[in-house]
There are 2 protein chains.
Amino acid sequence: MQLSRETLLPKLAAHVLEHGLGGASLRPLAKAAGTSDRMLIYHFGNKETLITELLGYIAELYSGALDAALGSDRAATRQECLARILAEGSKPEMQAFLVLWWDIVAGATRGVPGYHDAAQAMMTRQLVWLEGQMPADDPDPAGGARYLMTMIEGALMLSAVGHGDTAQQGLLASGLAAS
Amino acid sequence: MQLSRETLLPKLAAHVLEHGLGGASLRPLAKAAGTSDRMLIYHFGNKETLITELLGYIAELYSGALDAALGSDRAATRQECLARILAEGSKPEMQAFLVLWWDIVAGATRGVPGYHDAAQAMMTRQLVWLEGQMPADDPDPAGGARYLMTMIEGALMLSAVGHGDTAQQGLLASGLAAS
DNA sequence: AAGGCTATGTAGCGCCCGCTACAAGAGGAA
DNA sequence: TTCCTCTTGTAGCGGGCGCTACATAGCCTT
């Protein structure tokens with residue numbers, strides 16, 4: 001069967017979603033895609049562009065997952081809106097993205113090519129999704145969505161390093177969550 | 001001159017603060033410390049415990065930097081408190097910690113030994129520092145500090161991936177920052 | 001002085017890395 | 001048929017990795 005970027009990317013994405021980006025080297029990636037490192041280089045040119053295209057593909061996967069989760073009804077309050085997105089993020093199919101996410105943020109900070117753009121695209125998409133969920137009668141939907149966004153990402157990071165309780169108490173004190 | 005963990009750690013820390021944890025392999029680390037990979041293994045046993053001890057040392061460095069920044073006077077308002085810690089984080093001597101931070105978070109999420117504990121310790125320390133900065137008349141200093149903490153970390157992450165403006169607008173909408 | 005323990009240098013092991021050289025099969029174009 | 005291009009397999013290169021074997025120089029004890 002003919003190989004191509006398009007047929008390879010889904011299998012490569014599945015592999016990094018399971019095993020992370022850090023240790024993603026050509027031979028394991030190739031094995032996961034049912035081919036050889038030789039062919040990965042042939043189809044992508046080199047590893048750097050492979051990773052760049054892979055991150056772009058994963059960003060699209062993430063968009064698709066958010067689209068699939070997009071209920072057509074808005075939330076009634078900011079509290080409900082926050083509760084919804086937190087529930088969305090705790091779904092198992094989103095967990096893989098979460099684990100990968102910090103690899104991407106670290107890469108973006110260090111300036112590794114492709115990481116920053118993919119991360120920005122994923123956050124932009126999440127912001128759009130969040131704005132669509134904001135209550136219809138919210139006095140400031142744009143600002144409110146960005147406010148929720150900042151709290152959510154903060155809570156996410158604190159949870160990642162064992163300060164989930166800190167984040168929870170922060171949400172409570174903000175009035176965005178109820179005990 | 002006699003080498004030891006204690007004399008080596010500062011030089012190793014300086015190296016990873018400059019070059020990151022990702023590509024920190026024994027030979028470059030040894031060169032930065034003026035010795036050989038052979039001696040790093042001799043003094044630390046293996047790379048894993050070296051990294052664990054190094055992260056612990058860096059967490060102490062971070063604590064020390066916060067202590068040095070700790071003015072004895074509290075802020076007058078939450079807004080001022082937030083402005084202070086944001087100013088603190090933008091100091092050049094803190095930038096190196098910030099770049100390293102996402103490596104640590106990614107490692108903590110992936111379960112690499114030592115990363116989680118170091119990250120948690122650094123966040124705990126920052127929370128303590130923040131509580132000490134809260135206004136004396138604040139109705140809920142503990143909750144407020146955790147609230148600020150969540151917003152700060154969220155803003156930090158968004159800024160890391162090119163969404164600094166999103167975070168800024170989020171801070172404005174929260175009422176914690178003034179335009 | 002003799003022996004042992006600690007600290008260090010030199011060399012190299014086996015392994016994985018990204019990548020490449022080279023040959024060959026497949027299929028279309030002349 | 002005869003080429004020629006696209007795709008793939010096999011093998012391997014140079015280099016970095018964590019780590020180890022071995023020798024040795026210096027010091028401390030007896």
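To find a chain, count down the sequence lines: A is the first, B the second, and so on, and within it residues start at 1.
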Original post:
Roughly, in whole Å, what's the span from CE in B:Met39 to P in C:dT10?
Top reply: 12 Å
Original post:
Between A:Tyr42 (OH) and D:dC6 (P), how many Å, whole number?
Top reply: 7 Å
**OP:** Sequence neighbours left out, what passes side chain to side chain contact (heavy atoms under 4.5 Å, CB included) with A:Ser159? Give chain and number order.
**Re:** none
Subject >> Those residues that, when tested against A:Asp67, pass salt bridge (charged side-chain N to carboxylate O under 4.0 Å, His left out) (two or more places apart) >> reply: A:Arg125
Subject >> With B:Thr77 via side-chain hydrogen bond (donor to acceptor under 3.5 Å, both in side chains) - residues at least two apart >> reply: none
Original post:
Which residue pairs pass the salt bridge (Lys or Arg N to Asp or Glu O under 4.0 Å) test with at least one member in residues 140-151 of chain A, sequence neighbours excluded?
Top reply: A:Glu131-A:Arg146
**OP:** For A:His116 and A:Gly111, indicate whether the former's side chain and the latter's backbone hold a donor-acceptor pair under 3.5 Å.
**Re:** no
**OP:** Scan residues 47-58 of chain A against DNA chain C and write down, sorted by residue number, each residue with any heavy atom closer than 4.0 Å; if none is found, say none.
**Re:** A:Lys47
**OP:** Sequence neighbours left out, what passes side chain to side chain contact (heavy atoms under 4.5 Å, CB included) with A:Ala24? Give chain and number order.
**Re:** A:Val16, A:Leu29
Original post:
What pairs meet the ring-ring contact (aromatic ring centres under 6.0 Å, His included) rule with one or both residues in residues 7-37 of chain A, with sequence neighbours excluded?
Top reply: A:His15-A:His19
Original post:
Between A:His43 and D:dT7, does any side-chain N or O lie under 4.0 Å from OP1 or OP2?
Top reply: no
Subject >> side-chain hydrogen bond (donor to acceptor under 3.5 Å, both in side chains) partners of residues 90-100 of chain B, not counting sequence neighbours, each pair once >> reply: B:Glu88-B:Lys91
**OP:** Starting at atom CZ of A:Phe44, determine the distance to atom P of C:dC19, rounded to an integer number of angstrom.
**Re:** 13 Å
**OP:** Tell me which residues in residues 16-32 of chain A put a heavy atom below 4.0 Å from DNA chain D, sorted by number, or none.
**Re:** A:Arg27
Subject >> Residues forming a side chain to side chain contact (heavy atoms under 4.5 Å, CB included) with A:Ser174, sequence neighbours excluded >> reply: A:Tyr147, A:Met151, A:Leu176, B:Tyr147
Subject >> Sequence neighbours excluded, every pair satisfying ring-ring contact (aromatic ring centres under 6.0 Å, His included) that has a member inside residues 41-62 of chain A >> reply: A:Tyr62-A:Phe97
Write down the protein N/O and nucleotide N/O pairs, taken from nucleotides 20-22 of chain C, whose separation is under 3.5 Å; answer none if there are no such pairs.
residue, atom, partner, partner atom, Å
C:dA21, N6, A:Arg38, NE, 3.3

